[in-house]
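Below: the structure, in structure tokens.
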Amino acid sequence: MLSFLSQRCCCNDFQLGPAWILWRFGYSARLLKTNHYRTAASNTSSPAVWMLLAQRSGRIPALFAAVQKRRIFTMPETAQDNTNPELYSPHPEVRGMTLLNREAFKRTVVVPALKVKKEIVHTLLKSLKHTVLQRPGLKRVVEDPEDEDSKLVILDPHKIPEFSLGESEKEVLKQLHISPEVSKYNLELTYENFKSEEILRAVLPEGQDVTSGFSRVGHIAHVNLRDHQLPYRHLIGQVIVDKNPGITCVVNKTSIIDSTYRNFQMEVLAGENNLVTKVKENNFTYELDFAKVYWNPRLSTEHGRIVELLKPGDVLFDVFAGIGPFAIPAARKKCVVFANDLNPESYHWLLHNCKLNKVDNKIKAFNMDGRDFLLGPVREELRKELTLAKEQKTAFHIVMNLPALAIEFLDVFRHLLVGEPCSTAVLPTVHCYGFSKHENPAKDIQERAEAALGASLEGRCSTYLVRNVAPNKEMLCITFQIPADVLYKRPCPAGEEPAPKRLRTCKAFTEEDLQS
């Protein structure tokens with residue numbers, strides 16, 4: 001049975017149907033062009049694909065005969081469809097439901113059962129653990145209404161070909177002196193016994209994709225619903241709350257991230273309207289207001305990767321720090337940290353999380369535009385520290401995690417400092433993030449960075465695939481040391497005058513008129 005609600009920080013991400021799966025194969029081939037990359041694992045299983053495979057394997061007659069009045073009886077030896085995906089489907093009448101009615105999901109199915117003496121039930125369960133029924137909220141062992149000294153062990157019809165036990169199962173029963181006779185048992189299924197995927201597939205219009213993933217941010221589940229799913233959004237939200245312990249609020253993004261502060265409009269679909277939450281990432285705790293700041297649980301591995309590159313005593317400039325997922329772990333690692341974010345709410349939660357993680361005295365926080373932060377505090381600190389870096393052997397890292405715009409800020413590094421570099425070994429290392437829809441995303445990101453810097457990075461940079469955001473859209477990180485001829489503006493040699501600028505002329509004036 002396909003897993004439904006994937007919670008990777010996963011992850012990906014969402015179940016997008018057969019087209020997504022086909023794209024993924026092409027996507028993997030294209031990544032061979034990237035120098036250094038990693039992909040975040042995604043759930044790209046497609047029920048439509050699996051259903052198609054099941055159909056092509058051939059359909060056999062219905063799984064069970066009509067239910068007889070007697071609750072337990074011997075099962076006839078007839079060929080049955082034990083791979084029927086409809087076995088555990090909710091009642092067909094729930095199709096099109098937009099307001100969740102849990103009572104409508106009740107139905108009775110017929111499943112195989114073994115009659116077993118009470119004293120050997122536990123032993124049998126251990127021996128047939130892969131054959132007994134495994135359903136949410138269902139007991140595998142029930143009372144035998146005809147024999148108080150016996151129990152009924154419910155078996156999974158999917159695991160018993162043609163509803164007769166295999167040789168290995170028969171051998172187990174023989175050793176335990178249990179009759180191999182299989183009986184029928186009328187099993188009542190309720191809403192609690194169905195998986196989320198089964199419920200939503202039964203409710204949504206037939207043939208349409210089922211939402212199969214969400215991002216979990218503390219007690220909040222964040223989904224991105226498609227247009228055809230919107231009429232069912234409140235039902236989808238309630239199912240997510242019901243089936244996922246700890247989830248008490250479900251939100252759907254109603255706009256893209258296009259604001260200055262990297263947040264987006266959202267609608268609460270189900271549960272409590274409380275968007276202040278607490279998350280844990282890489283052994284650190286963060287608190288935030290999900291409606292007012294940016295947080296993506298799928299970036300936890302990338303946060304850890306960058307922090308792993310740092311050494312105690314290094315200096316980190318986090319230009320777009322958010323609530324601190326780079327800055328706080330770096331400070332705990334005894335790095336000198338300067339963290340900045342333009343969003344006042346992010347700045348507020350950054351300060352809050354610094355105290356929460358007990359690094360508030362190790363981070364200098366700023367609430368500025370990223371360009372002003374680079375031209376102000378970053379330049380001043382580099383100007384002061386680079387003169388001593390030869391002795392201190394300090395490394396400088398600049399993280400720019402604003403993938404929609406960060407590359408446009410790279411031009412700030414042109415002649416940011418004046419003078420001669422003490423050593424090329426201490427030149428700052430930049431980790432700049434960007435999105436790309438190019439067929440060769442690594443080449444695209446490098447060329448755009450080179451254009452902003454006005455210098456070639458060939459042989460001086462590495463490109464790392466962070467994650468695939470959508471079909472034909474990747475998030476990457478380009479890492480490079482700022483070239484000395486880009487970072488430094490060389491002063492004129494002593495005694496030499498700079499060449500005079502040539503005066504511009506226009507139609508109204510000539511050079512002779514200007515000189516006279």
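- Annotation: cation-pi geometry satisfied between R305 and Y464 (NZ/CZ under 6.0 angstrom from ring centroid, within 45° of ring axis).
- A cation-pi arrangement, defined by a distance under 6.0 Å to the six-membered ring centre and an angle within 45 degrees of its axis, is absent between K243 and F194.
- L427 contributes atom CG, which lies 10.0 Å from atom CZ of R460 (distance to the nearest 0.5 angstrom).
- Using a distance-only test at 3.5 Å, with no hydrogens or angles considered, no donor-acceptor pair links the side chain of S346 to the main chain of V293.
- Distance alone, capped at 3.5 Å, places no donor-acceptor pair between the H352 side chain and the H348 backbone.
- The shortest side-chain heavy-atom distance between T479 and T429 falls under the 4.5 Å cut-off.
- Listed for the N340 side chain is a donor-acceptor partner under 3.5 Å among the backbone atoms of V319.
- Nearest heavy-atom pair across D341 and A321 is OD2-N, 3.6 Å.
- For P136, the side-chain contact (heavy atoms from CB on, under 4.5 Å) criterion is met by K195, not counting sequence neighbours.
- Note that the CZ atom of F480 and the CD1 atom of I398 stand 8.5 Å from one another [nearest 0.5 Å].
- For the side-chain contact (heavy atoms from CB on, under 4.5 Å) test, residues two or more places apart in sequence or in another chain that qualify with A202 are P90, V94.
- Every side-chain contact (heavy atoms from CB on, under 4.5 Å) that L375 has, sequence neighbours left out, goes to R371, R379, V412, L416.
- Looking at heavy atoms from C-beta onward, L457 lies in side-chain contact with P483 at the 4.5 angstrom threshold.
- For the pair Q446 and C461, the minimum side-chain heavy-atom distance is below 4.5 Å.
- The shortest side-chain heavy-atom distance between F214 and H222 does not fall under the 4.5 Å cut-off.
- Contact check for I236 versus Q229: side-chain heavy atoms found under the 4.5 Å cut-off.
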Exercise for the section: Please lay out, stage by stage, how L386 and F396 fare under the test side-chain contact (heavy atoms from CB on, under 4.5 Å). Expected result: CA-CA 9 Å; L386 286 181; F396 300 87; 3.5 Å; yes
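- Atom OG of S215 is separated from atom CG of N224 by 7.0 Å, given to the nearest 0.5 angstrom.
- Rounding to the nearest 0.5 Å places CG of N468 at 12.0 Å from CE of M475.
- In this structure, C249 and L275 approach most closely via the heavy-atom pair SG-CD2, 3.8 Å.
- Residues L269 and V223 meet the side-chain proximity criterion, which asks for heavy atoms closer than 4.5 Å.
- Within the 3.5 Å criterion, the main-chain N or O of K292 finds a donor-acceptor partner in the side chain of N343.
- Distance check, rounded to the nearest 0.5 Å: CG of L230 to OH of Y232 gives 11.0 Å.
- Considering only residues two or more places apart in sequence or on other chains, D444 meets the side chain to side chain donor-acceptor pair (under 3.5 Å) condition with S436, R448.
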Practice task
Evaluate the criterion side-chain contact (heavy atoms from CB on, under 4.5 Å) for residue pair L235 and T98; output intermediate values, then yes/no.
Solution key: CA-CA 6 Å; L235 182 145; T98 56; 5.8 Å; no
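- The salt bridge (Lys or Arg N to Asp or Glu O under 4.0 Å) test applied to E287 returns K278, not counting sequence neighbours.
- The heavy-atom pair separating V307 from F326 by the smallest distance is CG2-O, 3.9 Å.
- Between K364 and E381 there is no salt bridge, since none of the side-chain N atoms of the basic residue sits less than 4.0 Å from a carboxylate O of the acidic one.
- Here ring pair (Phe, Tyr, Trp, His ring centres under 6.0 Å) pairs that include residues 412-434, with residues two or more places apart or in two chains, are H397-H431.
- Looking only at distances, no side-chain donor or acceptor of E302 sits under 3.5 Å from a matching main-chain atom of L299.
- Counting heavy atoms of neighbouring residues, nucleotides and ligands inside a 6.0 Å radius, atom CG of N361 exceeds 12 of them.
- The side-chain contact (heavy atoms from CB on, under 4.5 Å) check on V241 picks up Q238, I247, V250, A270, with sequence neighbours excluded.
- In this structure, R216 contributes its side chain and A221 its backbone to no donor-acceptor pair below 3.5 Å.
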Practice task
Determine, stepwise, if the pair I445 / E474 fulfils side-chain contact (heavy atoms from CB on, under 4.5 Å).
Solution key: CA-CA 10 Å; I445 289 291; E474 288 77 61; over 6 Å; no
Handout entry: Step-by-step side-chain contact (heavy atoms from CB on, under 4.5 Å) determination, I363 to L351
Key = CA-CA 9 Å; I363 293 179; L351 295 177; over 6 Å; no
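- Judged by distance alone, with hydrogens and angles left aside, the side-chain atoms of R95 form a donor-acceptor pair with the main-chain N or O of R201 at under 3.5 Å.
- In this view, E267 and R233 satisfy the side chain to side chain donor-acceptor pair (under 3.5 Å) rule, not counting sequence neighbours.
- The aromatic rings of W295 and Y286 sit tilted, their planes meeting at an angle between 30° and 60°.
- For the pair V337 and A331, the tightest heavy-atom approach, listed with the atom from each and the gap, is CG2-N, 3.7 Å.
- L342 and N367 make their closest contact through O-ND2, 2.9 Å (heavy atoms, listed as atom of the first residue, atom of the second, distance).
- Two residues are said to be in side-chain contact when any heavy atoms from C-beta on lie closer than 4.5 Å; L288 and N353 fail this criterion.
- Closest approach of P428 to L382, counting heavy atoms only: CG-CD2, 3.9 Å.
- To the nearest 0.5 Å, atoms SG (C335) and CG (L310) are separated by 4.5 Å.
- Taking the side chain to side chain donor-acceptor pair (under 3.5 Å) definition, one finds that R383 meets it with E380, sequence neighbours left out.
- Using modelled atom types, one side-chain atom of H228 and one backbone atom of D209 make a donor-acceptor pair closer than 3.5 Å.
- Applying the salt bridge (charged side-chain N to carboxylate O under 4.0 Å, His left out) rule to pairs touching residues 306-318 yields nothing, sequence neighbours excluded.
- The side chain to side chain donor-acceptor pair (under 3.5 Å) check on H219 picks up T277, with sequence neighbours excluded.
- Side chain of N282 to main chain of S300: a donor-acceptor pair is present (N/O by atom type, distance under 3.5 Å, no hydrogens or angles).
- Remark: the backbone N or O of V359 is not paired with any side-chain donor or acceptor of N357 at under 3.5 angstrom.
- A ring-centre distance under 6.0 Å is not found for Y294 and F320.
- Residue pairs meeting the salt bridge (charged side-chain N to carboxylate O under 4.0 Å, His left out) criterion with at least one member in residues 415-428, sequence neighbours excluded, are E420-R490.
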